[in-house]
Trainee: 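Handing you this structure, nothing more for now.
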Amino acid sequence: MSTFPVILSAPSGGGKTTIARRLLERRRDLGYSVSCTTRAPRDGEVDGRDYRFLSRDAFEAAVRRGEFAEWAEVHGNLYGTLRSEVERVLGTGRHVLMDIDVQGARQFHAAFPQTVLVFVLPPSGEVLKARLAGRGSEDRAKLLVRLRNARAELSEVGRYHYVVVNDNLDRAVDQVSAIIDAEGLRHDRVHEIEGQVEGLIAQLEQEIHVFSQDD
Ligand code: ADP
Ligand code: 5GP
C-alpha cells in the first residue's frame with residue numbers, strides 16, 4: 001500500500017483539530033505531523049504533542065536552514081511543517097495527517113502533488129462564532145482576527161479535492177475516513193495492481209482452457 005499526506009484545513013473553530021484527534025484514535029494507518037508554531041500554548045496543550053512551541057528567533061533560524069516543507073504566517077503567528085516530521089511519519093508506513101492553513105496547503109501540495117486536500121466547512125457563520133467563542137482559547141480581539149481571516153480562507157475552498165461539512169461530528173469523521181479509504185484505492189496509488197491484474201488474466205485463461213476442454 002502506498003502512503004500519502006492528508007491535509008485538513010478549515011477556518012479557526014471549524015473543527016479540524018477535533019476531527020484529526022478522532023481519526024488518529026480510530027485509524028492505526030494514520031500518523032500526525034506535529035507542526036511548529038510561535039504562538040503561546042493553550043491550556044492543556046503539550047509541547048511536542050500538539051505543537052512544537054518555538055520562539056520567533058528559533059522559528060526563523062529553522063526557516064533559514066530550509067527545515068520546513070512549508071510555513072506561513074497565520075493570525076499573526078508563524079506556523080510550519082518540518083520536513084523531518086513528514087518523513088518520520090511516512091517512515092512508519094502511515095499516511096501523514098496534517099492540520100494546516102490554506103497558504104501552507106497550497107505550498108505543500110505544489111511540492112507533494114500526491115497530497116489529498118480536505119476542507120472542513122462549519123455549518124454556518126453563527127455556529128463557527130459560537131464554537132470559537134465556546135472553546136475559550138482566544139480573547140475578544142484575537143477571536144475577531146480569526147473570524148475576519150475566515151472570510152479569506154473560505155475563498156480557497158475551490159483548490160481542495162474534498163469538502164466536508166462539520167455539522168454532526170461523527171458524520172464528519174466518518175466522511176474524512178471514507179475519503180482516506182477511497183484515496184488509498186485509487187489506481188495510480190496502488191502500484192502492485194498491474195501485476196495483480198496480469199496474474200488474474202493468466203488464471204482466467206487457465207480456467208477458460210480447462211473449461212473449454214470439458215465440452
Ligand atoms: P479548529 O481546530 O478548526 O480551530 P476545533 O477542533 O478546536 O477547531 O473546534 C472548535 C470547537 O468546536 C471546539 O471546542 C470543539 O470541541 C467544537 N466542535 C468541533 N466540532 C464540533 C461539532 N461537530 N459539534 C459541536 N462542537 C464541535
Ligand atoms: P491554531 O492556532 O488555532 O492551532 O491554528 C491556527 C491556524 O494555523 C490553523 O488554520 C491551522 O491549521 C494552522 N496551522 C497549524 N499548523 C500549521 C502548519 O504547520 N503550517 C501552516 N501553514 N499552518 C498551520
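Whatever order the structure lists them in is the order used to number ligands and atoms, beginning at 1. What you see is a predicted model; the values in this text were computed from it and never measured.
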Trainee: For G13 and R135, which heavy atoms make the closest approach, and how far apart are they?
Mentor: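 Closest pair (atom of G13, atom of R135, distance): N-NH1, 4.1 Å.
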Trainee: Would R26 and D174 pass as an ion pair if we require N to O under 4.0 Å?
Mentor: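 Looking at R26 and D174, the cut-off is met.
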Trainee: Does R39 have any salt bridge (charged side-chain N to carboxylate O under 4.0 Å, His left out) partners at least two apart in sequence or in another chain, and if so, which?
Mentor: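 R39 satisfies salt bridge (charged side-chain N to carboxylate O under 4.0 Å, His left out) with E45 once adjacent residues are dropped.
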Trainee: Give the residue, atom name and distance (to 0.1 Å) of the protein heavy atom nearest atom 20 (N) of ligand 2.
Mentor: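 Ranking protein heavy atoms by distance from atom 20 (N) of ligand 2, first comes E70 OE2, 2.7 Å.
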Trainee: Please confirm whether the backbone N or O of L78 pairs with a side-chain atom of T38, one donor and one acceptor, at under 3.5 Å?
Mentor: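 Checked: pair present.
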Trainee: Examine distances only and state if a side-chain atom of S177 and a backbone atom of V173 form a donor-acceptor pair shorter than 3.5 Å.
Mentor: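 Checking the backbone N and O of V173 against the side chain of S177, no donor-acceptor pair under 3.5 Å is found.
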Trainee: Examine ligand 2 and decide if any of its atoms is less than 4.0 Å from a heavy atom belonging to R42.
Mentor: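 Yes.
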Trainee: Show the atoms of ligand 2 that are less than 4.0 angstrom away from any heavy atom in R39.
Mentor: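 Answer, ordered by atom number: 1 (P), 2 (O), 4 (O).
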Trainee: For D101 and A72, which heavy atoms make the closest approach, and how far apart are they?
Mentor: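 That would be OD1-CB, 3.9 Å.
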Trainee: Quick one: nearest non-hydrogen protein atom to atom 9 (C) of ligand 2, plus distance?
Mentor: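 Scanning the protein heavy atoms, the shortest distance from atom 9 (C) of ligand 2 goes to K16 CE, 3.6 Å.
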Trainee: Let me know which protein residues bring a heavy atom to under 4.0 Å of ligand 1; chain then number is fine for ordering.
Mentor: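 Correct list: P11, S12, G13, G14, G15, K16, T17, T18, R131, R135, N166, D167, L169.
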Trainee: Please report which non-hydrogen protein atom sits nearest to atom 6 (C) of ligand 2, along with the residue it belongs to and the distance in Å to one decimal place.
Mentor: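 Closest protein heavy atom to atom 6 (C) of ligand 2: Y79 OH, 3.5 Å.
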Trainee: Is E70 salt-bridged to R106, cutoff N-O under 4.0 Å?
Mentor: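 Not counted as a salt bridge, because no side-chain N and carboxylate O are separated by less than 4.0 Å.
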Trainee: Would you mind checking if R186 and E183 are paired as a salt bridge, meaning a charged N to carboxylate O distance below 4.0 Å?
Mentor: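 Yes, this pair counts.
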Trainee: Can you tell me how the ring of F59 sits relative to the ring of W71, calling it parallel under 30°, perpendicular over 60° and tilted otherwise?
Mentor: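 Rings of F59 and W71: perpendicular, as their planes differ by over 60°.
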Trainee: Can you list the ligand 2 atoms lying under 4.0 Å from a non-hydrogen atom of G104?
Mentor: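 It comes down to these atoms of ligand 2: 22 (N).
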Trainee: Heavy-atom contact under 4.0 Å between R146 and ligand 2?
Mentor: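 Heavy atoms of R146 do come under 4.0 Å of ligand 2.
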Trainee: So, does R146 use its side chain to make a donor-acceptor pair with the main chain of H75 at under 3.5 Å?
Mentor: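 It does not hold such a pair.
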Trainee: Can you tell me if K16 uses its side chain to pair, donor with acceptor, with the backbone of D99 under 3.5 Å?
Mentor: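 Side chain of K16 to backbone of D99: no pair is present.
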Trainee: How far is atom 7 (C) of ligand 2 from its nearest protein heavy atom, and which residue and atom name does that atom have?
Mentor: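 Result for atom 7 (C) of ligand 2: V74 CG1, 3.7 Å.
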Trainee: Measure from atom 19 (O) of ligand 2 to every heavy atom in S35, A72, S9 and give the option owning the shortest one.
Mentor: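 Considering heavy atoms of S35, A72, S9, the nearest to atom 19 (O) of ligand 2 sits in S35.
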Trainee: Within the structure, is a non-hydrogen atom of Q103 found at a distance of less than 4.0 Å from ligand 2?
Mentor: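 The answer is no, since Q103 has no heavy atom less than 4.0 Å from ligand 2.
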Trainee: Are the side chain of R189 and the backbone N or O of Q114 linked by a donor-acceptor pair below 3.5 Å?
Mentor: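 Checking the backbone N and O of Q114 against the side chain of R189, a donor-acceptor pair under 3.5 Å is found.
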Trainee: Less than 4.5 Å apart, side chain to side chain, heavy atoms only: is that true for R21 and D50?
Mentor: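 In short, these two side chains touch, coming nearer than 4.5 Å.
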Trainee: Please report which non-hydrogen protein atom sits nearest to atom 13 (C) of ligand 2, along with the residue it belongs to and the distance in Å to one decimal place.
Mentor: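 I find the closest protein heavy atom is D101 N, 3.7 Å.
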Trainee: Looking at atom 12 (O) of ligand 2, what's its closest protein heavy atom, distance included?
Mentor: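 Its nearest protein heavy-atom neighbour is D99 OD1, 2.7 Å.
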Trainee: For M98, state whether at least one heavy atom is located under 4.0 Å from any atom of ligand 2.
Mentor: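 M98 does not count as a contact of ligand 2 under the 4.0 Å cut-off.
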Trainee: Tell me whether ligand 2 is touched by Y51 - counting only heavy atoms on the residue side and a distance under 4.0 Å.
Mentor: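 The answer is yes, since Y51 has a heavy atom less than 4.0 Å from ligand 2.
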